[in-house]
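Please read the structure below before turning to the comments.
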Number of protein chains: 2
Amino acid sequence: MTIAQVAQRTGLTAHTLRYYERTGLMLEPPPRGGNGHRRYTERDADWIALLTRLRASGMPIAAMRRYAELARRGRDSYVARKELLEAHRADVIAKIEQLRSDLEIADYKIDLYSRRIRGEE
Amino acid sequence: MTIAQVAQRTGLTAHTLRYYERTGLMLEPPPRGGNGHRRYTERDADWIALLTRLRASGMPIAAMRRYAELARRGRDSYVARKELLEAHRADVIAKIEQLRSDLEIADYKIDLYSRRIRGEE
DNA sequence: ATTTGACTTAGAGCGCGCTCCAACTCCCAG
DNA sequence: CTGGGAGTTGGAGCGCGCTCTAAGTCAAAT
């Protein structure tokens, strides 16, 4: 698979794919064809798809890098990887709760404006 | 109220308070004491508290600036302000839903690692 | 008189996550 | 053999939201 095809498939740009590789997010650098172009394997594409989902849930690049490092260590890092993901999950859940509660002020204000618009105060 | 007191009360730094003012988030620049220092009114502090809550729910500075501009226009902008907040609320709710769904991959992986750790596969 | 400390300003710097640029190589179609 | 298109690299630039620095003013405490 070419970089353009992976970009297409994952929704990332080719720029971003090279950036991810540079910054240590790949399990290993994708193999190159005779012309020096990257030839992504199916496994590469799957890994990148996983990265995009972790990213979408707000995982920082640095944590994804740690996750990639663990994944390179193989079966020995299952526990560590699980812990990393659990920590991330807890972060996301906390963030969701925070958003919910910080949204209340908007709700309150919206209600206030509604009443003012209707001339109730 | 001094800038330090408002910082204390709102959890922002004095730096950030000046930045917010520079960038157009205040209804009007806080009055100055004889020594040129800002003397925040109770109303200023309340407004800043509202800003921090909007900010905490992820509203971008640019949107807060628009909100401040509307607020400066007074009663005429109730409808516009309400619409702005409703748009923000919709954004936040969408973001929460997105987070929930993007979290599924972490859940799935956590479960996978659990089973692998227990030696089931 | 001096030091301390809280404030002032304009403007620089930073961390994050991209995003793009310049200059280059390579291959293929016309 | 020429042009176009897709890829390569190192490194610069950007948008956001702060965050900090330098140099200065002023007031109260010693």
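Chain A is the first sequence line, chain B the second, and so forth, proteins listed ahead of strands; every chain is numbered from 1.
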Q) Does Tyr78(A) have any ring-ring contact (aromatic ring centres under 6.0 Å, His included) partners at least two apart in sequence or in another chain, and if so, which? A) Tyr113(B)
Q) Which residues in residues 17-49 of chain A have at least one heavy atom lying under 4.0 Å from any atom of DNA chain D? A) Arg18(A), Arg22(A), Arg32(A), Gly36(A), His37(A), Arg38(A)
Q. Under a 4.0 Å heavy-atom cut-off, which of residues 58-66 of chain B touch DNA chain D?
A. Pro60(B), Ile61(B)
Set of salt bridge (charged side-chain N to carboxylate O under 4.0 Å, His left out) partners for [X], sequence neighbours left out:
X        : answer
Glu97(B) : Arg100(B)
Lys82(A) : Glu86(A)
Arg75(B) : none
Arg89(B) : Asp107(A)

Q | Bend angle of the helix from dA1(C)-dT30(D) to dG30(C)-dC1(D), end axes from five pairs each (to 10°) | A | 30°
**Q.** Boundaries of the DNA chain D segment in contact with chain A, non-hydrogen, under 4.0 Å
**A.** dG7(D) to dG11(D)
Q. Any side-chain hydrogen bond (donor to acceptor under 3.5 Å, both in side chains) pairs touching residues 48-57 of chain B, not counting sequence neighbours?
A. Ser57(B)-His88(B)
Q. Pairs in or reaching into residues 13-51 of chain B: which pass ring-ring contact (aromatic ring centres under 6.0 Å, His included), with residues at least two apart or in two chains?
A. Trp47(B)-Tyr67(B)
**Q.** Sequence neighbours excluded, every pair satisfying salt bridge (Lys or Arg N to Asp or Glu O under 4.0 Å) that has a member inside residues 39-48 of chain B
**A.** Arg9(B)-Glu42(B)
